[in-house]
2 protein chains.
Amino acid sequence: MSKVGIRDVAKLAGVSTGTVSRVLNDHPSVTKELRARVTGIIKELGYMPDPSARSMRSKVSRLIGIIIPDLTNPFFSELVQSVEQAAANHGYNIIVMTSLDHAAKEADRIKQLTSRKVDGIILVPSIDFHTIKLPKGLPIVVIDRLMPGYSGIAADHRNGVRLGVEHLLQLGHRRIGFISGPSHSVPANDRLRGYLDAIERTGEQAGEQADGRAAMAGSPLIAEAAFDYESGRSAGNYLLARARNERPTAIFASSDQQAIGCMRAAHDLGIPIPAALSVMGFDGIPLASMTTPRLTTVKQPIQDMAAAAVAVLLNKQTAPDLDNPILFACEILKGETTAPPQPDKH
Amino acid sequence: MSKVGIRDVAKLAGVSTGTVSRVLNDHPSVTKELRARVTGIIKELGYMPDPSARSMRSKVSRLIGIIIPDLTNPFFSELVQSVEQAAANHGYNIIVMTSLDHAAKEADRIKQLTSRKVDGIILVPSIDFHTIKLPKGLPIVVIDRLMPGYSGIAADHRNGVRLGVEHLLQLGHRRIGFISGPSHSVPANDRLRGYLDAIERTGEQAGEQADGRAAMAGSPLIAEAAFDYESGRSAGNYLLARARNERPTAIFASSDQQAIGCMRAAHDLGIPIPAALSVMGFDGIPLASMTTPRLTTVKQPIQDMAAAAVAVLLNKQTAPDLDNPILFACEILKGETTAPPQPDKH
DNA sequence: TTGTAGGCGTTATCAC
DNA sequence: GTGATAACGCCTACAA
């Protein structure tokens with residue numbers, strides 16, 4: 001009953017196992033009628049090829065592995081979900097693993113996936129990732145946290161942040177604080193650069209070089225923090241704990257979670273948002289629209305990135321150059337946390 | 001280099017492939033010394049057994065499938081992460097799939113997992129799940145949304161909610177609103193029952209039968225809603241849009257997301273929390289501690305549930321009776337959204 | 001175009 | 001306790 005194999009199909013269809021196999025694999029050299037008859041029998045018998053046997057012989061598992069630091073992070077969970085959908089569209093399934101940002105664990109997971117003979121790996125490297133040895137032939141695409149030397153896909157953090165900061169500038173803000181990510185994080189640095197881009201550009205235009213220089217010199221307008229909520233909160237406290245006319249009138253955070261933490265800090269300090277302080281985040285996680293007031297943020301096109309990653313792995317799309325990652329444009333998701341600044345009171 | 005197989009190990013160790021295999025599988029009948037020598041060679045050669053070949057021969061894939069409705073839901077993403085860890089502890093990997101609460105998709109995913117020869121399936125059934133045919137021998141454990149007829153693992157929603165509502169009662173609340181989940185959802189009904197348990201019990205004790213009866217008769221203190229944020233918000237609006245002395249002084253929501261939506265509704269109505277309204281949620285997702293003020297909630301022991309589910313699948317633990325699911329106790333996570341009620345002004 | 005047969009890397013069943 | 005050897009279920013030259 002449950003033991004229906006390729007030979008049963010062959011026997012019942014009056015053909016050889018070879019023909020059945022060729023039908024299974026869409027080999028072109030099979031008659032229309034034969035193909036029809038065989039597929040009929042297959043359905044009739046409810047035959048399903050054994051993936052293990054198949055994989056062993058053909059070296060194709062129709063499995064792709066994805067390793068992320070932490071599934072609890074909404075950005076990554078949305079990424080995984082998107083990858084699952086994209087993979088399913090191609091008849092692939094995914095093995096999910098979490099590294100918890102632990103390099104050793106990550107290396108181990110990669111080994112496991114390798115020996116599982118997955119057809120490809122999508123990797124969000126852990127913070128202290130250094131390098132991996134992969135059997136050549138196993139495609140790997142690094143996503144979000146780019147690493148030189150690996151095919152990469154990511155949002156265009158730099159331009160995304162620049163866009164966001166420019167939005168604040170256009171509203172009239174001039175003292176714009178920035179909550180940066182960990183300095184050893186690639187995306188964090190890209191985002192910081194985007195901030196500096198915007199500030200400097202404005203400075204040049206307006207002749208107010210001071211702002212740009214101050215920012216670059218590590219002025220008190222920049223606070224480094226981890227990407228999480230609590231870090232955002234204390235960074236917010238740091239940026240806001242000063243006289244009103246020195247305090248930023250707007251803060252751009254490198255992640256939505258930071259931004260939400262920052263909102264809490266402002267709230268605790270009795271600073272109303274957006275009346276006395278504009279706040280923007282980055283990522284566009286669902287959570288961003290659940291805050292009070294709704295967070296204005298820069299959204300990464302996660303689904304597109306996931307689809308691209310899968311396509312690259314399956315050779316449906318040419319892999320990006322090792323040193324030229326595919327970058328996806330971000331867009332501003334307008335919420336209620338941004339408004340023109342209040343004039344300083346002298 | 002990359003083609004090191006069991007025969008290479010055997011040759012180099014001066015033993016037969018059979019012995020190597022036995023070492024690999026911790027078969028008791030192998031000398032200590034031999035085992036040591038072989039494991040040494042294995043490490044030296046960096047040999048990793050081919051899971052496909054292994055699975056083909058032994059009918060064990062060391063793979064377990066998990067199907068959830070939506071990975072974007074923080075409860076499920078934490079569940080998946082916990083399952084992944086638990087599985088890894090047993091040398092297992094997981095294939096993750098999302099059904100998007102779509103029964104057809106779900107059925108298809110189950111078929112895929114079956115043909116993948118996973119060693120077990122952990123399933124959170126979709127809302128409109130009806131039944132599945134599984135080749136016997138494939139263990140399946142239903143988690144969270146219990147179904148009669150399947151081995152089940154879940155939090156004790158009913159008692160958990162009762163505990164939470166009792167907390168509100170102890171604070172002095174008497175008009176306690178309840179945001180229920182979808183009426184066709186099993187956990188939703190369990191939670192509702194827990195609410196009724198608490199209300200009725202108090203009514204009996206205090207002789208105020210009215211409360212209990214009112215609640216049971218579908219009084220305006222109960223609002224049905226989906227589990228998400230927006231639904232919680234409109235349910236909150238519904239419950240709060242009435243004269244102050246008729247309005248609930250506390251609201252227990254069936255999910256944290258609902259509770260957060262409800263907080264937003266209260267905020268929009270100018271009702272301060274917890275001064276004029278206490279709010280409690282259910283689930284204990286990380287998000288609950290990120291709100292302002294921090295949400296008081298009832299936490300499900302997700303990790304324990306995940307570990308149990310894996311243990312059951314792997315026969316490390318006896319499966320629960322088909323009609324007696326394993327229930328895990330919940331505990332209250334105290335935040336800042338609950339306080340004694342203000343006295344009514346007459 | 002279709003049939004035949006060998007072998008993929010392990011595990012399990014025998015003997016020894 | 002250990003070694004030889006036959007499957008496991010399928011794909012793929014190669015032959016017809």
Side-chain angles (χ1 to χ4, degrees), chain A residues 1-39 41-42 45-63 91 111-112 114-119 135 137, chain B residues 1-39 41-42 45-63 91 114-119 135 137:
Chain A
M1 186 70 185
S2 197
K3 303 237 52 150
V4 39
I6 199 174
R7 335 182 32 128
D8 303 299
V9 177
K11 206 159 294 176
L12 221 165
V15 299
S16 74
T17 61
T19 302
V20 177
S21 173
R22 281 183 283 258
V23 169
L24 252 36
N25 296 289
D26 293 317
H27 195 80
S29 70
V30 184
T31 318
K32 269 261 182 278
E33 307 119 32
L34 247 195
R35 177 183 303 282
R37 182 155 97 242
V38 172
T39 42
I41 304 287
I42 287 179
L45 260 47
Y47 164 74
M48 310 208 71
D50 180 333
S52 306
R54 188 174 243 196
S55 158
M56 178 161 103
R57 197 68 180 86
S58 67
K59 303 306 177 195
V60 173
S61 62
R62 289 187 166 274
L63 230 34
K111 252 195 225 156
Q112 288 184 37
T114 305
S115 80
R116 280 253 184 236
K117 296 263 170 48
V118 297
D119 294 344
Chain B
M1 187 67 186
S2 196
K3 305 238 50 153
V4 39
I6 199 175
R7 338 185 27 129
D8 302 301
V9 177
K11 205 158 296 176
L12 222 164
V15 298
S16 76
T17 61
T19 302
V20 177
S21 173
R22 282 184 283 257
V23 169
L24 250 37
N25 296 287
D26 292 319
H27 195 81
S29 70
V30 183
T31 317
K32 270 262 183 278
E33 305 118 35
L34 247 194
R35 176 182 304 282
R37 182 155 96 244
V38 172
T39 42
I41 304 287
I42 287 178
L45 259 48
Y47 162 74
M48 309 208 69
D50 180 336
S52 304
R54 191 172 236 194
S55 158
M56 177 160 106
R57 191 67 180 107
S58 67
K59 303 305 180 196
V60 172
S61 62
R62 289 185 167 275
L63 231 34
T114 305
S115 80
R116 280 256 184 232
K117 294 260 170 52
V118 296
D119 294 344

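Just so we're on the same page: letters track the sequence lines, and every chain starts at 1.
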Q: Verify, without hydrogens or angle tests, whether Arg37(B) (side chain) and Ala13(B) (backbone) share a donor-acceptor contact under 3.5 angstrom.
A: yes
Q. Hey, what bend do you get for the helix from dT1(C)-dA16(D) to dC16(C)-dG1(D) if you fit axes on five pairs at each end, rounded to 10°?
A. 30°
Q: Search all heavy atoms of Thr17(A) against all heavy atoms of Arg7(A) and return the closest pair with its distance.
A: CG2-CA, 4.0 Å
Q) Which ones in residues 26-34 of chain B lie close to DNA chain D, meaning a heavy atom under 4.0 Å from one of its atoms? A) Ser29(B), Val30(B), Thr31(B), Leu34(B)
Q | Close side-chain approach of Val23(B) and Thr39(B), heavy atoms under 4.5 Å | A | yes
Q.
Checking the side chain of Asn25(B) only, and the main-chain atoms of His27(B) only, is there a donor and an acceptor separated by less than 3.5 Å?
A. no
(Q) Do Arg54(B) and Val60(B) have side chains that approach each other closer than 4.5 Å (heavy atoms only, starting at C-beta)? (A) no
**Q.** Side-chain (Ser61(A)) to main-chain (Lys117(A)) donor-acceptor, under 3.5 angstrom
**A.** yes
Q.
Are Tyr47(A) and Val38(A) packed together at the side-chain level, in the sense that at least one heavy-atom pair is separated by less than 4.5 angstrom?
A. no
Q. Do you know which two heavy atoms are closest between Asp119(A) and Lys59(A), and how far apart they sit?
A. OD1-O, 4.2 Å
Q) Are any non-hydrogen side-chain atoms of Ser115(A) and Pro51(B) less than 4.5 angstrom apart? A) yes
Q: For each nucleotide in nucleotides 6-12 of chain D, reading 5' to 3', give B when a protein heavy atom comes within less than 4.0 Å of its base, S when such contact involves only the sugar-phosphate, and - otherwise.
A: BBBBBBB
Q) Does any non-hydrogen side-chain atom of Lys11(A) lie less than 4.5 Å from one of Ile41(A)? A) no
